[in-house]
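Everything numeric here is computed off the predicted structure, so don't read it as measured data.
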Amino acid sequence: MAFIADALSRIKPSATIAITQLARDLKAKGQDVISLSVGEPDFDTPQNIKEAAIAAIQRGETKYPPVSGIPALREAIAAKFKRETGLDYKPSQTIVGTGGKQVLFNAFMATLNPGDEVIIPAPYWVSYPEMVLLCGGTPVLVTAGMESNFKLQPEALEKAITPKTKWMIFNSPSNPTGAAYTRAELKALTDVLLRHPHVWVLTDDMYEHLVFGDFEFTTPAQVEPKLYDRTLTMNGVSKAYAMTGWRIGYAAGPEILIKAMDLVQGQQTSGASTISQWAAVEALNGPQDFIPMSKKAFETRRDLIVSMLNQAKGLSCPKPEGAFYAYPSCAALIGRKAPSGKVIATDEDFVMELLAAEGVATVHGSSFGLGPNFRVSYATSNEKLEEAGRRIQRFCALLT
């Protein structure tokens, strides 16, 4: 009898974490590596947020918090939803977790029974299907390819829904593609969901503030108020406020679901770090001038790297509407031979050969459910992006 649980045989490690660690290991050995694999802003957390955390320590805010979050943060979350998307939630309809990942996991753990299906548009964030599998559900992957700018089409959603469907996951702007849905595109999807009242929506709005140009962010329960009672809206402070290491995610939804998630979290981790929670209160309630500054920087970086990728021989890269990812296709390079002599048969081969030959770390698209593409994170300096772009162009030019 095997000692390790059978459930772990159903899931695989995070490819983004694996590639990022490989890049770290190569750097530690003295190799010149530019990592475009990690989904993390390179900016420091704003000073007012850091000072709020220090003040919390000095006030002695170091005891166990309530499982669902300190009252001040739950009130700030409710106020944020009202202020920014017009959604009315009471603090009792909110929950705070140790990062958005825990919020999602708790929602699945609290709701999924064996055989329940979860619709996941592909390409997807690597953790969605693995979380569903760990919690006993069945991921139903629905392809949204380059021909639709990586956006799920209403006909494909309609076709994927069965009597066993419990959730549809929605992520806009998207990790890994940066694709973001207009209000009209989102309304076409919510119209489908209205016809299937047994399907709930789990929307991951983590990149909400990172949309470019005149693009207007919207979220499902805002576009279609009739979905309010079966939508869990997840967000966090990681990306908008450069607070990845503080580990604070949050969500709002129907009280019956929030209570079930509180039950799971109460037997799992209990409440998130009090110090991080007080920092998050300042992030949501304090000055918001950091957001437009970082957004402008990311937009400049997007334009730079997308241009350079499209100038690389054999690559094709749509311009994303948001987040800090690009998702170029390397389909034209499959079958070519790398300088090492290896034939590139898959997008994973492309990514590994690029890392070996040029020291540029990216993540293969097949790990996100759609290849032959690869994900480039442009959450780094213009100088590093320019150098990485030159290296990628050189590598592609040398393929024969």
Side-chain angles (χ1 to χ4, degrees), residues 7 63-119 127-128 131-137 164-171 193 196-206 219-222 224-238 247-274 276-278 280-281 284:
K63 309 300 184 192
Y64 285 131
V67 172
S68 289
I70 60 173
L73 182 52
R74 297 179 81 184
E75 288 163 11
I77 291 164
K80 175 254 181 262
F81 279 118
K82 179 65 175 173
R83 179 176 72 243
E84 296 185 353
T85 47
L87 292 171
D88 275 307
Y89 290 108
K90 298 181 298 218
S92 59
Q93 290 178 274
T94 68
I95 190 166
V96 178
T98 306
K101 201 174 250 187
Q102 184 182 26
V103 173
L104 296 173
F105 189 91
N106 287 354
F108 292 136
M109 182 61 72
T111 59
L112 291 179
N113 295 309
D116 285 345
E117 295 175 352
V118 178
I119 293 172
S127 294
Y128 293 146
M131 287 182 184
V132 170
L133 287 165
L134 258 183
C135 294
K164 293 182 178 179
T165 306
K166 185 161 268 187
W167 286 102
M168 173 219 169
I169 296 180
F170 183 74
N171 177 215
L193 293 166
H196 301 277
H198 67 291
V199 181
W200 283 51
V201 185
L202 202 166
T203 178
D204 178 349
D205 293 355
M206 193 61 80
T219 193
Q222 172 191 15
E224 182 45 78
K226 292 174 186 170
L227 290 177
Y228 175 90
D229 288 330
R230 50 185 170 111
T231 299
L232 182 70
T233 303
M234 189 277 281
N235 210 313
V237 295
S238 296
R247 308 310 301 131
I248 295 291
Y250 58 82
E255 211 157 312
I256 186 172
L257 174 59
I258 297 299
K259 284 180 178 176
M261 292 166 65
D262 174 275
L263 181 62
V264 172
Q265 190 163 306
Q267 294 294 1
Q268 186 191 47
T269 59
S270 224
S273 160
T274 51
S276 293
Q277 288 195 59
W278 280 108
V281 170
L284 295 182

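Taking Phe105 as the reference, nothing meets the ring-ring contact (aromatic ring centres under 6.0 Å, His included) condition, with sequence neighbours excluded. His198 is linked by a side-chain hydrogen bond (donor to acceptor under 3.5 Å, both in side chains) to nothing, counting only residues two or more places apart in sequence or in another chain. For Thr85, the side-chain contact (heavy atoms from CB on, under 4.5 Å) criterion is met by Phe81, Leu87, Glu208, Phe217, Thr219, Gln222, not counting sequence neighbours. Taking Lys90 as the reference, nothing meets the side-chain hydrogen bond (donor to acceptor under 3.5 Å, both in side chains) condition, with sequence neighbours excluded. Residues forming a side-chain contact (heavy atoms from CB on, under 4.5 Å) with Thr231 (at least two apart in sequence, or on another chain): Val201, Thr203, Ala221, Leu227, Thr233. When the side-chain contact (heavy atoms from CB on, under 4.5 Å) test is applied to Ser273, the partners found at least two apart in sequence or on another chain are Ile275, Ser276. Under the salt bridge (charged side-chain N to carboxylate O under 4.0 Å, His left out) criterion, Asp229 pairs with no residue, sequence neighbours left out. Shown here are the salt bridge (charged side-chain N to carboxylate O under 4.0 Å, His left out) partners of Lys226, two or more places apart in sequence or in another chain: there are none. Residues satisfying the side-chain hydrogen bond (donor to acceptor under 3.5 Å, both in side chains) test with Gln277, not counting sequence neighbours, are none. A search for side-chain hydrogen bond (donor to acceptor under 3.5 Å, both in side chains) contacts involving Glu84 returns Lys80, His209, not counting sequence neighbours. Glu224 meets the salt bridge (charged side-chain N to carboxylate O under 4.0 Å, His left out) test with Lys187; sequence neighbours excluded.
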Check against side chain to side chain contact (heavy atoms under 4.5 Å, CB included), Gln268 and Gln102 = CA-CA 10 Å; Gln268 186 191 47; Gln102 184 182 26; 2.8 Å; yes

Residue pair Val118, Leu202: steps toward the side chain to side chain contact (heavy atoms under 4.5 Å, CB included) verdict: CA-CA 10 Å; Val118 178; Leu202 202 166; over 6 Å; no

Subject >> Worked check of side chain to side chain contact (heavy atoms under 4.5 Å, CB included) between Thr165 and His196 >> reply: CA-CA 9 Å; Thr165 306; His196 301 277; over 6 Å; no

Decide ring pair (Phe, Tyr, Trp, His ring centres under 6.0 Å) for Tyr128 and Phe108; before the verdict, give the C-alpha distance in whole Å, the side-chain angles of both, and the deciding distance to 0.1 Å. CA-CA 10 Å; Tyr128 293 146; Phe108 292 136; 7.8 Å; no

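Within the model, atoms CH2 of Trp167 and CG of Leu112 stand 8.5 Å from one another, a figure rounded to the nearest 0.5 Å. Atom-to-atom distance recorded for Trp200:CH2 and Met168:CE is 15.5 Å, nearest 0.5 angstrom. In this structure, CG in Leu232 is found 14.0 Å from CZ in Arg230, a value given to the nearest 0.5 Å. With rounding to the nearest 0.5 Å, the separation of CH2 in Trp278 from CG in Leu73 is 9.0 Å.
A donor-acceptor pair under 3.5 Å is formed between the side chain of Arg74 and the backbone N or O of Thr94. Of the possible polar contacts, none joining the Gln265 side chain to the Val103 backbone as a donor-acceptor pair under 3.5 Å is found. In this structure a side-chain-to-backbone donor-acceptor pair under 3.5 Å is present from Asn235 to Asp205. Between the Asp204 side chain and the Asn171 main chain, no donor and acceptor come within less than 3.5 Å of each other.
Ala272 and Ile248 make their closest contact through CB-CD1, 3.8 Å (heavy atoms, listed as atom of the first residue, atom of the second, distance). Between Thr111 and Ala107, the shortest heavy-atom distance links the atoms OG1-O, 2.7 Å. For the residue pair Pro71 and Pro66, the shortest heavy atom distance occurs at CD-CG, 4.4 Å. When all heavy atoms of Val67 and Gly266 are compared, the pair lying nearest together is CG1-N, 3.6 Å.
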All N/O donor-acceptor pairs, side-chain side in residues 251-264, below 3.5 Å, sequence neighbours left out:
residue: Glu255; atom: OE1; partner: Ser92; partner atom: OG; Å: 3.1
residue: Asp262; atom: OD2; partner: Ser68; partner atom: OG; Å: 2.5

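Contact check for Phe170 versus Pro220: side-chain heavy atoms found under the 4.5 Å cut-off.
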